[in-house]
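One structure is given below, encoded as structure tokens.
Because the structure is predicted, anything quoted here is derived from the model rather than measured.
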Amino acid sequence: MCDSKMVSKCEAEFMDVVRQFPCLYDKSSVDFKKRDTKVEAWKRLKEISVVDNPENLYKTIRDRFTRYRLRPTPGQSSCIQFIQYKALVGIPGGRGSGW
């Protein structure tokens, strides 16, 4: 049996906070390539969200979401199940999905 990977309520709330900093994920943002702006945004995100390492948490959630999007078509087995999937949908900046 496969282990399910879920987006917790805390992770969904964390992603809501990340949305306040488009320089971290939106490639069309003028600040996306500005390293100093991103470093400052990560610091502010750490203060707001009280997460020890917000960069790692964001990368983990983003990677799980990407794997979810690339999951097998119906009829094939899949081990990934997302709770509160809608919390991840709609972040602008990627190829159609936001990432």
Side-chain angles (χ1 to χ4, degrees):
M1 178 126 297
C2 302
D3 292 330
S4 294
K5 296 179 180 179
M6 298 181 206
V7 175
S8 70
K9 185 176 179 181
C10 280
E11 290 172 340
E13 290 172 357
F14 174 77
M15 292 307 291
D16 286 338
V17 176
V18 169
R19 282 190 181 98
Q20 298 173 21
F21 301 95
C23 66
L24 299 176
Y25 61 84
D26 186 356
K27 292 180 182 180
S28 66
S29 170
V30 294
D31 293 327
F32 183 77
K33 292 185 179 183
K34 295 180 181 175
R35 187 179 189 286
D36 294 339
T37 305
K38 283 184 169 185
V39 168
E40 190 60 34
W42 285 120
K43 286 179 185 176
R44 289 188 56 217
L45 188 62
K46 183 176 181 176
E47 293 169 2
I48 293 170
S49 66
V50 193
V51 174
D52 289 337
N53 195 339
E55 292 176 70
N56 282 349
L57 179 58
Y58 174 75
K59 185 180 181 323
T60 299
I61 296 169
R62 185 192 65 205
D63 291 348
R64 277 193 277 156
F65 179 65
T66 300
R67 284 192 302 271
Y68 175 80
R69 284 187 24 239
L70 299 174
R71 71 191 181 281
T73 58
Q76 295 177 334
S77 65
S78 175
C79 298
I80 301 174
Q81 176 185 31
F82 269 76
I83 305 289
Q84 297 175 348
Y85 164 74
K86 291 180 181 179
L88 302 178
V89 176
I91 293 181
R95 294 180 351 208
S97 72
W99 293 329

| query | Run the side-chain contact (heavy atoms from CB on, under 4.5 Å) check on Trp42 and Leu24 step by step: do they pass? | reply | CA-CA 8 Å; Trp42 285 120; Leu24 299 176; 3.4 Å; yes
| message | Applying salt bridge (charged side-chain N to carboxylate O under 4.0 Å, His left out), can you list everything that pairs with Lys59, at least two apart in sequence or on another chain? | response |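 Counting only residues at least two positions away or on another chain, Lys59 forms a salt bridge (charged side-chain N to carboxylate O under 4.0 Å, His left out) with Asp63.
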| request: Taking the side chain as every heavy atom from C-beta outward, state whether Glu13 and Val17 have any atom pair closer than 4.5 Å. | output: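 Of all side-chain heavy-atom pairs linking Val17 with Glu13, none is under 4.5 Å.
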| query | Minimum heavy-atom separation for Ala41 to Phe21, with atom names? | reply |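 What the structure gives for the nearest pair is CB-CD2, 3.8 Å.
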| query | Which pair of non-hydrogen atoms, one from Phe32 and one from Cys23, has the smallest distance, and what is that distance? | reply |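 The pair with the smallest heavy-atom distance is CD1-O, 3.4 Å.
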| field | Residue that, paired with Glu11, satisfies side-chain contact (heavy atoms from CB on, under 4.5 Å) out of Asp16, Val51, Ile61 | value |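 Of Asp16, Val51, Ile61, side-chain contact (heavy atoms from CB on, under 4.5 Å) with Glu11 is met by Ile61 alone.
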| request: Using the test side chain to side chain donor-acceptor pair (under 3.5 Å), find all partners of Lys43 that sit at least two apart in sequence or belong to another chain. | output: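 Lys43 satisfies side chain to side chain donor-acceptor pair (under 3.5 Å) with no residue once adjacent residues are dropped.
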| said: Taking side chain to side chain donor-acceptor pair (under 3.5 Å) as the definition, give me every residue that meets it alongside Lys34, ordered by chain and number, with sequence neighbours left out. | reply: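 Lys34 satisfies side chain to side chain donor-acceptor pair (under 3.5 Å) with Asp31 only.
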| field | Same cluster (ILVMFWY, side-chain, under 4.5 Å), Ile48 and Tyr25 | value |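 Yes.
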| query | How long is the span from the CD atom in Glu40 to the CZ atom in Arg35, to the nearest 0.5 Å? | reply |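 So the gap between those two atoms works out to 12.5 Å.
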